[in-house]
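In what follows, a single structure is set out as structure tokens and then discussed.
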Amino acid sequence: MLPRWFLIFLANVINRRMVNQMTEKIKISLQNNFMFTTVFEDEKKLRELLKRILPDVSLEGLTIIRERTVDEDPLLKGIRLDICAEDGSVVYIVEMQVRGSDFMPKRGRYYHSMNDMRQLNKIDRYYSNLKATYVIIISPKDMIGDDIMVYTYRTVCLETGKVLDDERYTIYLNCSGKNREQYPELVPFCDYVLTGDNDGTDEFVEAIDKSVQYYSRNPEWKVRYMEMKQHELEWKEIGKAEGLAEGKAEGLAEGKAEGLAEGKAEERRRGMMNLYAAGIEMTGSAENAFRAVCDKYPEFTAEEIRSILSSEMNESIAVQ
């Protein structure tokens with residue numbers, strides 16, 4: 001029988017080889033939330049980006065807040081802020097968003113509300129001490145519909161046209177906007193967001209591209225991305241699973257047990273499907289994605305997993 005230390009060593013070697021195979025073909029652009037967050041957790045890069053969006057704002061004391069998950073009330077939806085930073089009495093929340101234009105205005109409103117709650121919990125609920133807040137949402141497409149690059153919103157009195165001094169600013173940066181001549185400093189960055197191409201003419205874009213290229217080739221970073229994506233997808237589905245279980249719990253004890261079992265089974269099915277979809281997105285390989293699902297759920301045989309995925313996707317899974 002082989003010694004235990006050798007089996008552990010062999011398992012690590014096999015795992016490393018599998019990770020390399022799954023990640024070697026992945027190219028993730030700046031439009032990806034996780035990549036955007038990683039790149040702009042560098043305060044120097046974030047300061048330069050904010051200077052280009054807000055040229056009249058001083059950013060000398062800018063500090064990134066490392067905890068980005070806002071969840072002040074267990075009954076409220078927790079959100080992960082891509083980048084959150086403070087500069088004295090000003091808070092900056094910056095997000096890359098590629099989809100969901102229909103609800104984008106309310107997304108900005110939600111970020112403001114949750115940020116206010118976070119501040120109030122830290123300053124003993126004196127609302128007079130709330131900091132000015134900029135919520136900046138960057139997108140490769142027009143989320144508003146007027147085909148301009150920068151949309152800046154304040155709270156305005158409809159009767160007088162005067163701006164309410166609540167120090168709340170919401171900015172939407174549309175990288176495909178047409179009035180580019182008004183924002184020459186933003187054009188190189190927006191072009192990079194749209195195409196991922198670096199022509200070497202802008203030092204800021206050059207630095208961003210170097211970071212993107214580095215992390216795109218880094219297996220450890222890619223594994224962290226896959227784990228994060230799976231975790232987020234699982235939490236997105238947990239409400240549905242819990243709701244199903246609670247609904248069944250309203251019946252007799254037998255019905256409750258059945259509901260709980262059905263809820264757990266549904267959660268596992270969705271977890272498999274989410275991991276499979278994430279694996280295909282990252283690796284471009286259905287085979288690698290299938291292997292990742294099998295590794296995550298060893299209590300199921302490959303045939304059982306294939307059957308579950310096939311039923312969820314309404315198509316046959318042919319990988320071995």
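These numbers come from a predicted model, not from an experiment.
- To the nearest 0.5 Å, the span separating CG on Leu50 from OG on Ser58 amounts to 11.5 Å.
- The hydrophobic cluster containing Ile208 does not contain Val187, counting ILVMFWY residues as joined when their side-chain heavy atoms lie under 4.5 angstrom apart, directly or transitively.
- Here the options are Asn32, Ile28, Thr38, Val39, the test is side chain to side chain contact (heavy atoms under 4.5 Å, CB included), and the partner is Val212; only Val39 passes.
- Between Tyr169 and Tyr134, the angle of the ring planes stays under 30°, which puts this pair in the parallel group of the 30/60° scheme.
- Under the 4.5 Å side-chain criterion, counting only non-hydrogen atoms from C-beta, Arg154 is in contact with Asp166.
- Side-chain atoms of Arg47 do not come within 3.5 Å of backbone N or O of Asp42 as any donor-acceptor pair.
- Between Glu86 and Val91 the shortest side-chain heavy-atom distance falls below 4.5 Å.
- Side-chain contact between Asn198 and Gln213 is absent, with no heavy atoms from C-beta onward closer than 4.5 Å.
- Thr133 contributes atom OG1, which lies 4.5 Å from atom CG of Asn115 (distance to the nearest 0.5 angstrom).
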Tyr192 and Asp202: CA distance, side-chain angles, deciding distance, side chain to side chain contact (heavy atoms under 4.5 Å, CB included) verdict
CA-CA 10 Å; Tyr192 183 77; Asp202 187 280; over 6 Å; no

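- Ion pair Glu48/Lys44 not flagged as a salt bridge, since none of the NZ, NE, NH1 or NH2 atoms sits closer than 4.0 Å to an Asp/Glu carboxylate oxygen.
- Side-chain heavy atoms closer than 4.5 Å link hydrophobic residues (I, L, V, M, F, W, Y) into clusters, and following such links, even through other members, never connects Leu194 to Val150.
- Under the 30°/60° scheme for interplanar angles, the aromatic rings of Tyr153 and Tyr172 are found to stand perpendicular.
- Aromatic pair Trp221/Tyr214: centroids not less than 6.0 angstrom apart.
- One finds the OG atom of Ser89 at 7.0 Å from the CD atom of Glu167 (value rounded to the nearest 0.5 Å).
- In this structure, the side chains of Tyr92 and Ile83 stay at 4.5 Å or more apart for every pair of heavy atoms.
- Among the candidates Ile171, Ile137, Thr170, Asp146, the single residue satisfying the side chain to side chain contact (heavy atoms under 4.5 Å, CB included) test with Tyr151 is Asp146.
- A salt bridge is absent between Lys178 and Asp142; no separation between the charged side-chain nitrogens and carboxylate oxygens falls under 4.0 Å.
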Could you go through the side chain to side chain contact (heavy atoms under 4.5 Å, CB included) check for Ile138 and Val94 one step at a time?
CA-CA 8 Å; Ile138 302 170; Val94 188; 3.9 Å; yes

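- Scanning all heavy atoms of the two residues, the minimum distance from Lys45 to Phe204 falls at O-CE1, 3.5 Å.
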Could you give me the CA-CA distance, side-chain angles and deciding distance for Tyr297 and Glu304, then say whether side-chain hydrogen bond (donor to acceptor under 3.5 Å, both in side chains) is met?
CA-CA 10 Å; Tyr297 298 93; Glu304 288 172 335; over 6 Å; no

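- To the nearest 0.5 Å, atoms OG (Ser29) and CG (Asp209) are separated by 11.0 Å.
- Between Arg118 and Ile65 there is a side-chain heavy-atom pair separated by less than 4.5 Å.
- Enclosure of atom CD in Glu181 by more than 12 non-hydrogen atoms of other residues, nucleotides or ligands within 6.0 angstrom is indicated.
- Closest heavy-atom contact between Asn174 and Pro140: OD1-O, 4.3 Å.
- Rounding to the nearest 0.5 Å gives a distance of 11.0 Å between CD of Glu303 and CD1 of Ile308.
- Remark: Met149 CE to Ser176 OG distance equals 8.5 Å, nearest 0.5 Å.
- No donor-acceptor pair closer than 3.5 Å links the side chain of Gln31 to the backbone N or O of Met96.
- A 4.5 Å side-chain heavy-atom check between Lys131 and Gln119 finds at least one atom pair inside the cut-off.
- Counting heavy atoms from C-beta outward, Glu43 and Thr63 have side chains that approach closer than 4.5 Å.
- Counting heavy atoms from C-beta outward, Phe189 and Leu30 have side chains that approach closer than 4.5 Å.
- The two residues Arg180 and Gly177 have their closest heavy-atom pair at CG-O, 3.4 Å.
- Looking at every heavy atom in both residues, Ser139 comes nearest to Met143 through OG-CE, 3.1 Å.
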Just do the side chain to side chain contact (heavy atoms under 4.5 Å, CB included) check on Leu49 and Ile136 with the steps written out, would you?
CA-CA 11 Å; Leu49 175 62; Ile136 302 171; over 6 Å; no

Under the criterion side chain to side chain contact (heavy atoms under 4.5 Å, CB included), I'd like the reasoning laid out for Lys296 against Ile305: C-alpha separation, chi angles, the key distance, then a yes or no.
CA-CA 11 Å; Lys296 176 74 174 180; Ile305 291 176; over 6 Å; no

